[in-house]
There are 2 protein chains.
Amino acid sequence: MDPLSATFAALADPTRRAILARLADGEATVAELAEPFDMTTQAVSKHLRVLEEAGLITRGRRAQWRPSRLREDALDDATDWLEHHRAAFRQRFDALDREIAALRKDEGNHDGNH
Amino acid sequence: MDPLSATFAALADPTRRAILARLADGEATVAELAEPFDMTTQAVSKHLRVLEEAGLITRGRRAQWRPSRLREDALDDATDWLEHHRAAFRQRFDALDREIAALRKDEGNHDGNH
DNA sequence: GCACTCTTCAACCAAGAGGTTGCACAACCG
DNA sequence: CGGTTGTGCAACCTCTTGGTTGAAGAGTGC
């Protein structure tokens with residue numbers, strides 16, 4: 001899967017978004033991350049693997065713990081895509097507004113409203 | 001599915017992202033949208049349904065055509081989430097940098113480097 | 001009415017996602 | 001050493017996804 005698709009797919013799950021939000025407070029172990037959820041640690045471990053493969057987190061190794069931490073540039077590509085296209089969309093709507101305004105003005109010059 | 005998850009899930013497919021990019025140039029019919037892809041129009045119709053249910057596009061009805069167009073505020077929520085959390089992540093890393101700098105300075109005051 | 005076009009609906013299929021349980025492995029602790 | 005803890009792996013299950021084919025609407029135009 002291409003990296004951008006992997007990132008968006010990883011973000012498309014509320015559990016994973018909550019894990020990311022938690023990791024903004026600092027690194028955490030699997031058990032710590034699993035605690036708020038009604039779910040086995042294995043399931044959380046799977047979510048972490050998805051996040052890791054999407055390049056959103058890295059995982060350390062300290063004794064029997066595998067602390068997860070955010071990657072600093074985790075959300076850059078996704079943010080870039082969204083901001084770029086949101087800007088393009090807005091331009092589109094601005095152009096549409098101008099067209100509509102021009103049409104209205106033109107109509108007014110010829111036959112008024114109807 | 002919650003709206004944010006639906007949005008990210010919709011964006012997690014390159015075909016759908018290409019469709020959105022195409023729609024930034026103006027509205028288009030299913031057949032027009034399907035043309036660049038090696039895929040049946042039915043498959044594209046399914047993608048459009050996903051985009052519509054995620055609130056990213058709206059669909060008109062003009063004779064036998066169903067033109068799709070972007071929703072102006074389509075990407076707002078996703079962008080907000082990403083920007084907010086990217087900022088939070090960066091704050092985290094800045095804090096980490098300060099901690100490390102403080103540690104280095106402290107170490108230097110006591111026993112030099114090792 | 002009839003043919004034609006654009007689109008959707010329904011059924012199907014292979015593959016993947018998200019969860020479970022059970023087990024294995026590695027590292028601590030007595 | 002043996003027991004406990006944290007984690008990962010494998011197998012399994014159910015539901016979803018992304019595609020297909022074939023048929024059915026819905027609108028246009030002769």
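A note on names: the letters A, B, ... follow the listed sequences, proteins ahead of strands, and every chain is numbered from 1. No experiment lies behind these values; they were computed from the predicted model shown.
- Contact of the B/Trp81 side chain with the B/Thr7 side chain is not registered, since no non-hydrogen atoms from C-beta on lie closer than 4.5 Å.
- Looking at residues two or more places apart in sequence or on another chain, you find a side-chain hydrogen bond (donor to acceptor under 3.5 Å, both in side chains) between A/Asp76 and B/Arg86, B/Arg90.
- Remark: B/Arg71 engages B/Asp73 in a salt bridge (charged side-chain N to carboxylate O under 4.0 Å, His left out) (not counting sequence neighbours).
- Whole-Å rounding puts the B/His47 NE2 to D/dT16 P distance at 18 Å.
- Side-chain N/O atoms of A/Arg66 include one lying less than 4.0 angstrom from OP1 or OP2 on D/dG8.
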Give me the distances for all protein-to-nucleotides 21-30 of chain D N/O pairs that come in under 3.5 Å?
{"from": "D/dG22", "atom 1": "O6", "to": "B/Gln42", "atom 2": "NE2", "distance (Å)": "2.9"}

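- Partners of A/Asp2 according to the side-chain hydrogen bond (donor to acceptor under 3.5 Å, both in side chains) rule, which considers only residues two or more places apart in sequence or in another chain, are A/Ser5, B/Arg17.
- Under the side-chain hydrogen bond (donor to acceptor under 3.5 Å, both in side chains) criterion, the residue pairs touching residues 53-67 of chain B are B/Glu27-B/Arg62, B/Arg49-B/Glu53, with sequence neighbours excluded.
- A heavy-atom distance below 4.5 Å is found between the side chains of A/Leu75 and A/Leu56.
- Residues passing the side-chain contact (heavy atoms from CB on, under 4.5 Å) test with A/Ala43 are A/Met39, A/Thr40, sequence neighbours excluded.
- In this structure, A/Phe8 atom CZ and D/dT17 atom C1' are separated by 19 Å, rounded to whole Å.
- Contact check, A/Ser45 against D/dG8: a side-chain N or O comes under 4.0 Å of OP1 or OP2.
- Nucleotides of DNA chain C that come within less than 4.0 Å of any heavy atom of chain A span, from the 5' end to the 3' end, C/dG18 to C/dC28.
- At whole-Å resolution of the value, NZ in B/Lys46 and P in D/dT17 are 10 Å apart.
- Among residues two or more places apart in sequence or in another chain, the ring-ring contact (aromatic ring centres under 6.0 Å, His included) test is passed with B/His47 by none.
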Given the rule in the side-chain contact (heavy atoms from CB on, under 4.5 Å) test, do A/His85 and B/Leu20 qualify, once you have shown the distances and angles that lead to the verdict? CA-CA 9 Å; A/His85 284 84; B/Leu20 290 177; 5.9 Å; no
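- Using a 4.0 Å cut-off on heavy atoms, the residues of residues 13-34 of chain A that approach DNA chain C are A/Asp13, A/Arg16, listed by number.
- Annotation: the span from B/Phe37 atom CZ to B/Glu35 atom CD amounts to 9.5 Å, rounded to 0.5 Å.
- Ranked by how close their nearest DNA chain C nucleotide is to the 5' end, A/Asp38 and A/Met1 are led by A/Met1.
- By the salt bridge (charged side-chain N to carboxylate O under 4.0 Å, His left out) test, A/Arg22 pairs with no residue at all, sequence neighbours left out.
- A rotation axis mapping the C1' atoms of four pairs onto the next four is fitted at both ends of the helix from C/dG1-D/dC30 to C/dG30-D/dC1 over five pairs, and the angle between these axes is 10° to 10 degrees.
- Inter-residue side-chain proximity for B/Glu52 and B/Leu48 is flagged as unmet; no heavy-atom pair is nearer than 4.5 Å.
- At a threshold of 4.5 Å between side-chain heavy atoms, the hydrophobic network of Ile, Leu, Val, Met, Phe, Trp and Tyr places B/Leu11 and B/Leu4 in one connected group.
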